[in-house]
Number of protein chains: 2
Amino acid sequence: MDVPDQVGAGAVTCQLRDVLDRVGDKWSVLIMAILGGGSRRYSELRRSIDGISQRMLTLTLRSLERDGLVIRTVTPSTPPRVDYALTPVGQTLSAEVSSLISWSERHREYIGRSRDRYDAEAEAEARP
Amino acid sequence: MDVPDQVGAGAVTCQLRDVLDRVGDKWSVLIMAILGGGSRRYSELRRSIDGISQRMLTLTLRSLERDGLVIRTVTPSTPPRVDYALTPVGQTLSAEVSSLISWSERHREYIGRSRDRYDAEAEAEARP
DNA sequence: CGGTATCCTCATAGATACTG
DNA sequence: CAGTATCTATGAGGATACCG
């Protein structure tokens, strides 16, 4: 793994924290996954992502854009049109994300069974 | 990428959400990274992870254990000794995580420059 | 040593309303 | 259509104290 013993204060962790904050928030990965399939309009994203508020969609897109992972293209027509796409670097992160998705698919059942077992044992202990 | 257009309500997203919640919280990945280097005692983890509270260390370890990613071994000596290690499945997630860490190392500078540029442009626009 | 229990705070995100 | 502004609330996480 080559991870230093002391993490949490050094530069390595800051890098890691940055990416985890990026990848860990509620909507970023979902947006990147969709944009991995190609450029999308604002309204397309809104429809594609079930349950996202307009506020969070905009906020998340802005921070992805700020990080250079997504590019925003405005077409000043009437009605206005705004398209979002992954940048080349965004595509490489999107690839990492898709690897994580496939991990989750492979181990979904295992985790589910683990949780059931753990909860059953915890309950058995609570009421002996 | 092979990601469906509609995410957020279907099974695919639940799997993904599960992993993201797992990987996205503040301490799980740090703990998994350290345990990737081998088994560690509770107190070793506490010292290794700068800034973690006892509460969060315990909570995070419990949920990792619940998911079958970490195994907890109690040695009932005096003083008591508790060791934590990755399970085989935990090791595979740890590998994904290390891939993400290396991505973050490779693109740390790019993101930093992107943010600086974005913020500079935002400020330039705010005060023209 | 390896935890629980309790309280508290402060970001994150949802709902709603309005706009160029 | 593609946002911004404002308000609110919920829950993750920190601080502290105590326990087997």
Side-chain angles (χ1 to χ4, degrees), chain A residues 7-9 13 17-18 20-31 34-35 39-67 70-85 118 122 125-126 128, chain B residues 7-9 13 17-18 20-31 34-35 39-67 70-85 118 122 125-126 128:
Chain A
V7 293
T13 301
R17 258 278 82 78
D18 275 7
L20 292 179
D21 288 350
R22 171 77 290 143
V23 155
D25 77 66
K26 199 170 178 183
W27 304 110
S28 288
V29 167
L30 255 39
I31 291 176
I34 294 173
L35 292 181
S39 172
R40 295 283 189 279
R41 296 186 62 167
Y42 182 87
S43 48
E44 289 180 303
L45 288 171
R46 194 139 102 94
R47 272 192 302 275
S48 296
I49 304 171
D50 191 65
I52 196 170
S53 65
Q54 214 166 355
R55 172 187 142 85
M56 286 316 297
L57 178 56
T58 301
L59 249 72
T60 307
L61 285 168
R62 289 282 181 277
S63 80
L64 287 168
E65 191 195 359
R66 179 170 179 260
D67 286 358
V70 154
I71 186 155
R72 177 171 177 270
T73 312
V74 182
T75 310
S77 52
T78 42
R81 175 193 180 103
V82 181
D83 289 275
Y84 292 91
Y118 185 96
E125 241 173 87
Chain B
V7 292
T13 301
R17 258 279 83 77
D18 274 6
L20 293 179
D21 289 350
R22 171 77 290 143
V23 154
D25 76 66
K26 200 170 179 186
W27 303 111
S28 289
V29 167
L30 256 38
I31 290 174
I34 294 173
L35 292 182
S39 172
R40 295 281 189 280
R41 294 185 64 166
Y42 182 88
S43 49
E44 289 179 303
L45 288 170
R46 195 139 102 94
R47 274 192 302 275
S48 295
I49 304 171
D50 191 64
I52 196 170
S53 64
Q54 214 167 356
R55 173 187 141 86
M56 286 317 296
L57 179 55
T58 301
L59 249 69
T60 308
L61 285 169
R62 290 281 181 277
S63 81
L64 287 169
E65 191 195 358
R66 178 170 181 259
D67 286 0
V70 155
I71 185 154
R72 178 172 177 270
T73 311
V74 183
T75 309
S77 52
T78 43
R81 175 194 180 102
V82 181
D83 289 276
Y84 292 91
Y118 185 96
E125 242 173 85

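Only this structure's heavy atoms are used, side chains among them; waters, hydrogens and symmetry mates stay out. Convention: sequence-line order gives letters A, B, ...; per-chain numbering from 1.
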Picking from [options], which would you name as closest to the side chain of [X]?
| X | options | result |
| --- | --- | --- |
| A/M56 | C/dG14, D/dC1, C/dT4 | C/dG14 |
| B/V82 | D/dG3, C/dG3, C/dC1 | C/dG3 |
| B/P80 | D/dG20, C/dT4, C/dG20 | D/dG20 |

Can you measure from CZ (A/R41) to OG1 (A/T75) and round to the nearest 0.5 angstrom?
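Here the interatomic distance stands at 8.0 Å.
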If you round to the nearest 0.5 Å, how far is CG of A/L35 from CD of A/E44?
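Those atoms lie 10.0 Å apart.
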Could you tell me which non-hydrogen atom of B/L61 sits nearest to which non-hydrogen atom of B/Y42, and how far apart they are?
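Between these two residues, the closest heavy atoms are CD1-CD1, 4.0 Å.
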Starting from the 5' end of DNA chain C, give me the residue, A/D25 or A/Q54, whose nearest nucleotide shows up first.
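Its nearest nucleotide lies further toward 5', so the answer is A/D25.
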Looking at A/I71, I'd like to know if its CD1 atom is crowded, meaning that more than 12 non-hydrogen atoms belonging to other residues, nucleotides or ligands lie closer than 6.0 Å.
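No.
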Whole-Å gap separating [atom2] ([N]) and [atom1] ([X]):
| X | N | atom1 | atom2 | result |
| --- | --- | --- | --- | --- |
| A/R46 | D/dT4 | CZ | P | 13 Å |
| A/L61 | D/dC1 | CG | P | 17 Å |
| A/L57 | C/dT12 | CG | C1' | 16 Å |
| B/L20 | C/dA13 | CG | C1' | 16 Å |
| A/I52 | C/dT12 | CD1 | P | 15 Å |
| A/D50 | C/dG14 | CG | P | 12 Å |
| B/K26 | D/dG11 | NZ | C1' | 14 Å |
| A/Y42 | D/dT4 | OH | C1' | 10 Å |

OP1 or OP2 of [N] under 4.0 Å from side-chain N/O of [X]:
| X | N | result |
| --- | --- | --- |
| B/Y84 | C/dG3 | yes |
| B/S43 | C/dG2 | yes |
| B/S53 | D/dG13 | no |
| B/R72 | C/dG3 | yes |

Heavy-atom donor-acceptor pair, B/R55 side-chain to D/dG13 base, under 3.5 Å
yes
Quick check: on DNA chain D, is the nucleotide nearest A/L59 upstream (toward 5') of the one nearest A/P79, or the reverse? Name the residue that is more 5'.
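Its nucleotide being nearer the 5' end, the pick is A/P79.
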Could you check whether any side-chain N or O of B/R17 sits under 3.5 Å from a backbone N or O of A/K26, counting only pairs where one atom can act as donor and the other as acceptor?
yes
What nucleic acid atoms does A/R81 come within less than 4.0 Å of, heavy atoms only: base, sugar-phosphate, or nothing?
sugar-phosphate
